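In what follows, a single structure is set out as structure tokens and then discussed.
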Amino acid sequence: MPPDAKILIVDDHKETLYALESALAPLGYQLGRATSGDEALKQVLRGRVGLLLLDVRMPGVSGLEVVRYMRRVEQTQHIPVVLLTGFGPDHDLTATAFGLGVADLVLKPIDPWALRTKVRYLYDTHQRNLALEREVRELRARVEGRAEGAKSALRRAPARSGSRVPPQRDTSLTAPAQDRT
């Protein structure tokens with residue numbers, strides 16, 4: 001995920017999209033918008049999405065269906081998702097959402113300060129994790145490249161006569177020398 005990955009806001013109500021964009025604008029992150037689950041999936045699959053704010057109940061593809069699909073696809077399964085709902089506390093929804101691995105479930109109307117805090121933490125943490133994963137891959141590639149280079153150098157090295165280690169005798173089976181004094 002590039003460091004300029006956007007936060008995708010998904011809601012079927014344009015007023016809610018505007019309110020969420022206004023609440024998150026002070027963070028300075030690049031924001032994207034989608035008005036349906038289908039549109040959200042297309043943008044997520046194109047890449048460059050670092051966090052998803054997703055309405056649960058939308059016509060067509062619901063927020064939960066978007067999350068289910070994302071969790072099955074390797075390139076999208078670790079993108080943090082914050083689900084938004086205006087239908088109040090719902091135990092089944094909460095259990096399902098957290099079972100799918102969403103980062104949070106936020107009730108509307110949304111407190112802008114709390115939302116900014118959550119988004120900043122989730123987005124920055126996800127970006128740091130991705131940077132660490134890239135660094136680990138690069139280090140592994142270097143180590144494997146050096147190991148392969150060393151193996152290759154050993155295969156190309158000329159054999160030297162007399163460089164073999166002579167077989168060792170097992171001295172534990174020989175009788176001890178007797179003292180002749």
Side-chain angles (χ1 to χ4, degrees), residues 1-140:
M1 185 67 48
D4 63 340
K6 66 184 170 190
I7 296 171
L8 183 60
I9 304 168
V10 186
D11 200 295
D12 56 317
H13 295 101
K14 295 198 188 279
E15 308 81 35
T16 304
L17 286 173
Y18 178 75
L20 291 169
E21 286 173 334
S22 297
L24 297 177
L27 294 176
Y29 298 130
Q30 182 181 352
L31 302 175
R33 60 166 42 195
T35 56
S36 71
D38 285 331
E39 187 181 344
L41 280 173
K42 288 176 187 174
Q43 288 191 46
V44 167
L45 290 171
R46 278 190 218 118
R48 303 177 59 93
V49 172
L51 176 75
L52 193 62
L53 291 175
L54 181 63
D55 188 25
V56 173
R57 293 188 175 102
M58 294 181 289
V61 178
S62 74
L64 289 174
E65 290 171 313
V66 170
V67 176
R68 279 188 189 100
Y69 184 81
M70 287 175 61
R71 297 306 183 232
R72 290 192 311 254
V73 177
E74 185 176 347
Q75 77 185 53
T76 62
Q77 64 186 226
H78 297 294
I79 296 173
V81 176
V82 175
L83 285 177
L84 310 170
T85 183
F87 290 96
D90 178 340
H91 184 316
D92 292 336
L93 172 61
T94 302
T96 301
F98 287 117
L100 290 171
V102 302
D104 204 356
L105 179 64
V106 177
L107 299 176
K108 297 177 189 175
I110 295 167
D111 175 1
W113 291 99
L115 182 66
R116 279 193 292 269
T117 301
K118 290 175 187 195
V119 165
R120 182 184 310 115
Y121 174 78
L122 291 168
Y123 183 87
D124 291 349
T125 301
H126 183 59
Q127 294 303 310
R128 279 193 299 274
N129 286 342
L130 291 174
L132 285 172
E133 287 173 8
R134 279 191 298 273
E135 189 174 344
V136 166
R137 280 193 303 272
E138 290 169 7
L139 289 172
R140 281 189 180 143

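Because the structure is a prediction, the values reported are computed rather than measured.
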Open item on the list: With heavy-atom distances below 4.5 Å as the criterion, would you say the side chains of I9 and L24 are in contact?
Closed with: yes

Open item on the list: How long is the straight-line distance from NZ of K14 back to CD of E21, given to the nearest 0.5 Å?
Closed with: 10.0 Å

TODO: Hey, could you give me the OG1/NE2 distance between T35 and H13, rounded to the nearest 0.5 Å?
DONE: 11.0 Å

- [ ] With rounding to the nearest 0.5 Å, note down the distance linking CZ in R71 to NE2 in H78.
- [x] 8.5 Å

- [ ] Show your working on side chain to side chain donor-acceptor pair (under 3.5 Å) between Y29 and D124 and close with a plain yes or no.
- [x] CA-CA 10 Å; Y29 298 130; D124 291 349; 2.7 Å; yes

TODO: Using a 4.5 Å cut-off on heavy atoms from C-beta on, say whether the side chain of L53 contacts that of L115.
DONE: yes

- [ ] Could you tell me whether the side chain of D104 and the main chain of V106 form a donor-acceptor pair under 3.5 Å?
- [x] no

Open item on the list: Tell me if the OH atom of Y121 is crowded by more than 12 foreign heavy atoms within 6.0 Å.
Closed with: no

Task: Stepwise side-chain contact (heavy atoms from CB on, under 4.5 Å) test for I110 and T16 - done: CA-CA 10 Å; I110 295 167; T16 304; 5.9 Å; no

TODO: Please confirm whether the backbone N or O of A5 pairs with a side-chain atom of Y123, one donor and one acceptor, at under 3.5 Å?
DONE: yes

Open item on the list: Any non-hydrogen side-chain atom of V119 less than 4.5 Å from a side-chain atom of L27?
Closed with: yes

- [ ] Evaluate side-chain contact (heavy atoms from CB on, under 4.5 Å) for M70 paired with I79, printing each intermediate quantity in order.
- [x] CA-CA 8 Å; M70 287 175 61; I79 296 173; 3.9 Å; yes

Open item on the list: Return the CD1 to CZ distance between I7 and R120, rounded to the nearest 0.5 Å.
Closed with: 10.5 Å

Task: Minimum heavy-atom distance between P112 and A23, given as atom pair plus value - done: CB-CB, 3.9 Å

Task: Side-chain donor/acceptor of R116 to backbone N/O of P26, under 3.5 Å - done: no

Task: L8 side, atom CG; Q30 side, atom CD - distance, nearest 0.5 Å - done: 10.5 Å

Open item on the list: Using side-chain heavy atoms (C-beta onward) and a distance below 4.5 Å, is L64 in contact with L83?
Closed with: yes

- [ ] List the atom of G63, the atom of L54, and the distance in Å for their closest heavy-atom pair.
- [x] O-CD2, 3.3 Å

Task: Note, V44 side chain near L52 side chain (heavy atom, < 4.5 Å) - done: yes

TODO: Would you check if P89 and L107 make a side-chain contact, meaning some heavy-atom pair closer than 4.5 Å?
DONE: yes

- [ ] Would you mind telling me which of R48, K6, R33 makes a side chain to side chain donor-acceptor pair (under 3.5 Å) with Q43?
- [x] K6

- [ ] Might you work through the side-chain contact (heavy atoms from CB on, under 4.5 Å) test for L51 and H126, ending with a clear yes or no?
- [x] CA-CA 8 Å; L51 176 75; H126 183 59; over 6 Å; no

Task: Pairwise distance CZ(R72) to CG(L100) - rounded to 0.5 angstrom - done: 10.0 Å

TODO: Compare all side-chain heavy atoms of L31 with those of L20 and state whether any distance is below 4.5 angstrom.
DONE: no

Task: Shortest non-hydrogen contact from L41 toward Y69 - done: CD2-CD2, 3.5 Å

Open item on the list: For K108 and D55: C-alpha separation, side-chain torsions, deciding distance, then whether side-chain contact (heavy atoms from CB on, under 4.5 Å) applies.
Closed with: CA-CA 10 Å; K108 297 177 189 175; D55 188 25; 3.2 Å; yes

Task: Donor-acceptor pair, side chain of S62 and main chain of M58, under 3.5 angstrom - done: no

